[in-house]
Amino acid sequence: MKNLYASAARLLLGCMLLLFSAQRAAATHGQAGQLTYESLGNNQYRVTVAFFRDCSGTSIPGSLSLTCRPNGCSSSTGAVTGTLRPVGMSTIGSPYCGAAQSSNVCSSSSALPNYETRLYDGTVTLPPAQEWVLSVTIDARPFTTTLVNSNNQNLRMEATLNNLITLPGNVQQPILNNSPQFTNTNLPVPFVCVNQQSTISFTATDADRLNGGRADSLVYSLEQPLADCNRVSAYVPYPAPCAPATLPGSCAVQCPPAPLAYSATLPILVRLDTVGSCPNRRLVPSFYFNAQAGSFTFTPSRFVPANLATNNQMENKYVVVGKVTEYRRINGVYYKVGSVRRDFLVIVIDCASNQVPASPVSVVVDPLSQASVINRRDTTLITIPTCSFSRVRIAFTDPNPQDQLTVFVPANVNSTLLQNGDIGTFALAGNGSTAPVGTFYFQPLASTAGTQVLLNVRIEDNACPVKGTQYRTIIINVRPGRAVQAAPAIAMPGLGGAAAAAICPGGSLTLNGTVNRPDSVRTSTGSVVAQSYSYLWTAPNNSGLNPAQANSRSITVNPAVTTRYLLRVTPVLNPGGGCGSDTVSVLVRVVPPPRARATASPVVACSAANVTLSGSASRPDNLTDPYTYTWTGAGLPAASTGATVTARPTAAATRYYLTVTGAAPYGCRDTTSVLVRLAPSPTAAFLTDSSSSGGSLTRRVAPITYTFVNRSSIGGGFRLDSVRWTYQRLKDGQGRSVSEAEIVFSRQATPAPLTLALGGDYLIRLYTGTTAGGAACPAAQARYHAVVPAIQTPNVFTPNGDRLNDTFVVSGEQVGGKLQVFNRWGRVVAEYDNYQNQWAADGLPSGTYYYSLTDRQGQTQKGWVEVAR
């Protein structure tokens, strides 16, 4: 293992620490990500987002907001939104050797930069539409080399779903579709070495192509990053213009015809390669996109140490977006059915003397097998024939011979990509050593002719501190073998094809072996007779297979577990010809019953409210089955069938049961239930001034202060979440009826004391209630009648400065009115437009004075008052 902590590695580590210091200050986090989906049936889709955030940025989100638009970005009509929740625990990237990785805790204070991965998922219902656009937007990207103000740009992850196809004649056909799934060997945040060629892949697999027989095709492209709906992120100018040169021998090297510029197909600053021959030699950017393999190969040409970088400008980070568009062939016509995007953040580093792993080399072990191998710059192309055995060996090496290599291949390489052995198997030996070796053991069935498999491989060395990484896409093409032409072609057994080869536990299924192309043969006597065939059925441990039927053309099986049945058909007359027999298999899935789901809206309702009960069901592997629904429970109509019914429960808790039954050939059923509760009616009661509510209490004069004790209650484990205290004056201090609004003076369970300053009759109310299903239930009410005598206007006051009866005080209702004071000769000695009890007869002698007081309601009172000093 190379120990780069000495000398050059210390320089690399210092550059990387400085490189990411500006990013910590920016507090951005949206490095990379992808959004995919899978069909659950009944227009339901599980949406999954893999999000990669910068460890030196803000914390990873607790949830993501999903937006689904049925008409692209042009209109929000019919949009569906949802929340994606975390799945499992987040994981920390491992681009470093063991010693460096253990010291990186993925925080703003970590010694080395890194990324954190979090998966989110959720379920949405997407009715058939011409094109759904599913998106999640993250704010914001880190600073990058290529994007304008990238730290202010959103990271938008987007996928499309076309689950309504328009066939000729304007026929609308809904379809089920699963998006392509990126293989787990691809890292959306790859570290690449400056001045070293690297290959990065966004190869995907398609469940619709691998399961169920639908021939979906995947088309790979490079796209510009998205900042928002229909808005791309702008690129900065390309910093390295091309300059023509002259090679020895006066051979001119021409620049590209157009100026270099960052784009979706040139998203990284790369070395210029010389191609062609004199006199037509030219310079081209060393960025090569392989649309067949979904990979791009490039040689980054610049690494900027942080001490030379401009403030907050991360010259070593580049954004690359790969897109996979999915097409389905229907009646000979290809229709787009969806697309997904993978947003990469490519980080260029200085690997010093460490070299990335070499491109692996594949060879055919058995030359007579008719297999062939082509090792290309970025891919390995393997072509294998059916009906014959082939071995292909792939060797992994490193330019640094002491480096130990770890090879990552998709976890489902044998079960899914190589179709459970129908194409072959793959084995890896010596993983973690200096020279791992992988071996393909091919023996494709005749039925797999025309199949193409893309296998993405990641190779890592153990250099320190940063591991060197290389990618390789292995393309496997299965062609018909020479002798297959003389062999019978076998149709897939089963009812309606592989999709129907499924039963519920305890069921049975008939498998029929057929020959698509019966042959005629010439006998030794020269006559021509129809070829006949022998049949041999086998299964592991004879699972569900009657041995007495093993040589029959049709068999009936009842496996207890999912079982693959193999049928070998051999010509009886003149067998041989290489593929003298043919083998086909059918996987009979023993599936669980349909999974029934029952929901209630609301699950907690107010008394006498209607509740909507909704049922749904789905089968595994997108098996289609029409269902019938039967509901039982109190408060339902007489005939309660259908996916949605309305109930009116009357008990405090009512459980509703749903039975879902499928049709033939499955005929399975499942039962589930949902509990609906009713919120009880609350009781409102309170005490005031040690007197129970409902009575009345008369105090001396205003103002009067009341205190309250809440005695309201509700049962059934519910709580009172709505409390409102009000008072309303019904009569004024003179006993006249008034029309005053009801005033809320508290929303607390125990309110602060209430002071009533104006005389009159009052009604104090307490409203208590609860909510159920997002709706407020009818509130209970308690009342209290309070009488507050009005203050009588005095006829004497003593303005002697003892702070007792120093001013002329009027009743609370008259405060704020207009006051005029006259002496005995009728002269105005004081006048107020907004009287606030402040007249103290300043400068006036003792004696009798007369006043005229008009309150705010326009009522005028006249009288006299004596000033006694």
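Each residue takes its place number in the sequence, starting with 1.
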When rounded to the nearest 0.5 angstrom, what is the spacing between [atom1] in [X] and [atom2] in [Y]?
| X | Y | atom1 | atom2 | result |
| --- | --- | --- | --- | --- |
| T274 | R281 | OG1 | CZ | 5.5 Å |
| I423 | L417 | CD1 | CG | 8.5 Å |
| Y238 | L269 | OH | CG | 4.5 Å |
| K336 | S217 | NZ | OG | 14.5 Å |
| I268 | Y262 | CD1 | OH | 9.0 Å |
| S201 | Y220 | OG | OH | 7.0 Å |

**Request:** Show your working on side chain to side chain contact (heavy atoms under 4.5 Å, CB included) between D208 and N177 and close with a plain yes or no.
**Result:** CA-CA 7 Å; D208 297 320; N177 185 54; 2.6 Å; yes

Open item on the list: Once ring pair (Phe, Tyr, Trp, His ring centres under 6.0 Å) is applied, do any residues pair with Y235, and if so which ones, sequence neighbours excluded?
Closed with: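 Testing Y235 for ring pair (Phe, Tyr, Trp, His ring centres under 6.0 Å), a comparison that skips the adjacent residues, returns none.
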
Could you work out, with ring pair (Phe, Tyr, Trp, His ring centres under 6.0 Å) as the rule, every residue matching F440, not counting sequence neighbours?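 Applying ring pair (Phe, Tyr, Trp, His ring centres under 6.0 Å) to F440 gives F426, F442.
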
Okay, side chain of [X], backbone of [Y]: is any donor-acceptor separation there less than 3.5 Å?
| X | Y | result |
| --- | --- | --- |
| Y120 | P61 | yes |
| T380 | I474 | no |
| T203 | A293 | yes |
| N290 | S295 | no |
| Q224 | S233 | yes |
| K317 | Q31 | no |
| T473 | T379 | no |
| D403 | N462 | no |
| D350 | A352 | yes |
| T145 | N316 | yes |

Looking at E460 and R458, is any side-chain nitrogen of the basic one under 4.0 Å from a carboxylate oxygen of the acidic one?
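Here R458 pairs with E460 in a salt bridge, since their nearest N and O are under 4.0 Å apart.
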
F51/V136 under side chain to side chain contact (heavy atoms under 4.5 Å, CB included): CA gap, chis, key distance, verdict:
CA-CA 10 Å; F51 171 59; V136 168; over 6 Å; no

Compare all side-chain heavy atoms of [X] with those of [Y] and state whether any distance is below 4.5 angstrom.
| X | Y | answer |
| --- | --- | --- |
| I476 | L418 | yes |
| T297 | Y471 | no |
| F52 | L187 | no |
| P225 | V232 | no |
| I200 | V320 | no |
| T416 | T205 | no |
| N375 | S362 | yes |
| R377 | S359 | no |

So R479 and T383, side chain to side chain donor-acceptor pair (under 3.5 Å) or not? Walk me through it. CA-CA 7 Å; R479 65 170 178 82; T383 303; over 6 Å; no

Give the minimum heavy-atom separation between [X] and [Y], together with the two atoms involved.
| X | Y | result |
| --- | --- | --- |
| F396 | G438 | CE1-N, 4.0 Å |
| G424 | N414 | O-OD1, 4.4 Å |
| G30 | P142 | O-CD, 3.3 Å |
| P190 | L345 | CD-O, 3.4 Å |
| T265 | F287 | O-CD2, 3.2 Å |
| D121 | R46 | OD2-CD, 3.8 Å |

**Q.** Chi angles and distances behind the side chain to side chain contact (heavy atoms under 4.5 Å, CB included) call for V192, Y318
**A.** CA-CA 11 Å; V192 298; Y318 300 86; over 6 Å; no

Pairing donors with acceptors under 3.5 angstrom, does anything connect the side chains of [X] and [Y]?
| X | Y | answer |
| --- | --- | --- |
| T48 | T36 | no |
| D461 | N354 | yes |
| Q452 | N477 | yes |

By the definition side-chain hydrogen bond (donor to acceptor under 3.5 Å, both in side chains), identify the one residue from Q34, R156, R141 that meets it with D343.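 Of the listed options, the one satisfying the test is R141.
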
Item to complete: Name all pairs fulfilling the salt bridge (charged side-chain N to carboxylate O under 4.0 Å, His left out) condition that reach into residues 258-274, sequence neighbours left out, sorted by first residue then second.
Response: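 Residue pairs passing salt bridge (charged side-chain N to carboxylate O under 4.0 Å, His left out), neighbours aside: R271-D273.
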
- [ ] Using the six-membered ring wherever Trp is involved, compare the ring planes of F344 and F296 and label them parallel, tilted or perpendicular (cut-offs 30° and 60°).
- [x]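 Answer is perpendicular, since the angle exceeds 60°.
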
request  = Start with the C-alpha gap between V340 and L35, add the side-chain angles, then the distance that decides, and say whether side chain to side chain contact (heavy atoms under 4.5 Å, CB included) holds.
outcome  = CA-CA 7 Å; V340 293; L35 185 155; over 6 Å; no

Open item on the list: What verdict does the side chain to side chain donor-acceptor pair (under 3.5 Å) test give for T199 and D378, after you've listed the backbone C-alpha separation in whole Å, the side-chain angles of each residue and the deciding distance to 0.1 Å?
Closed with: CA-CA 6 Å; T199 297; D378 54 352; 5.8 Å; no

Discussion item. Against the six-membered ring of F182, is R342 placed for a cation-pi contact (under 6.0 Å from the centre, within 45° of the normal)?
Written reply: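 Verdict for F182: a cation-pi partner in R342.
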
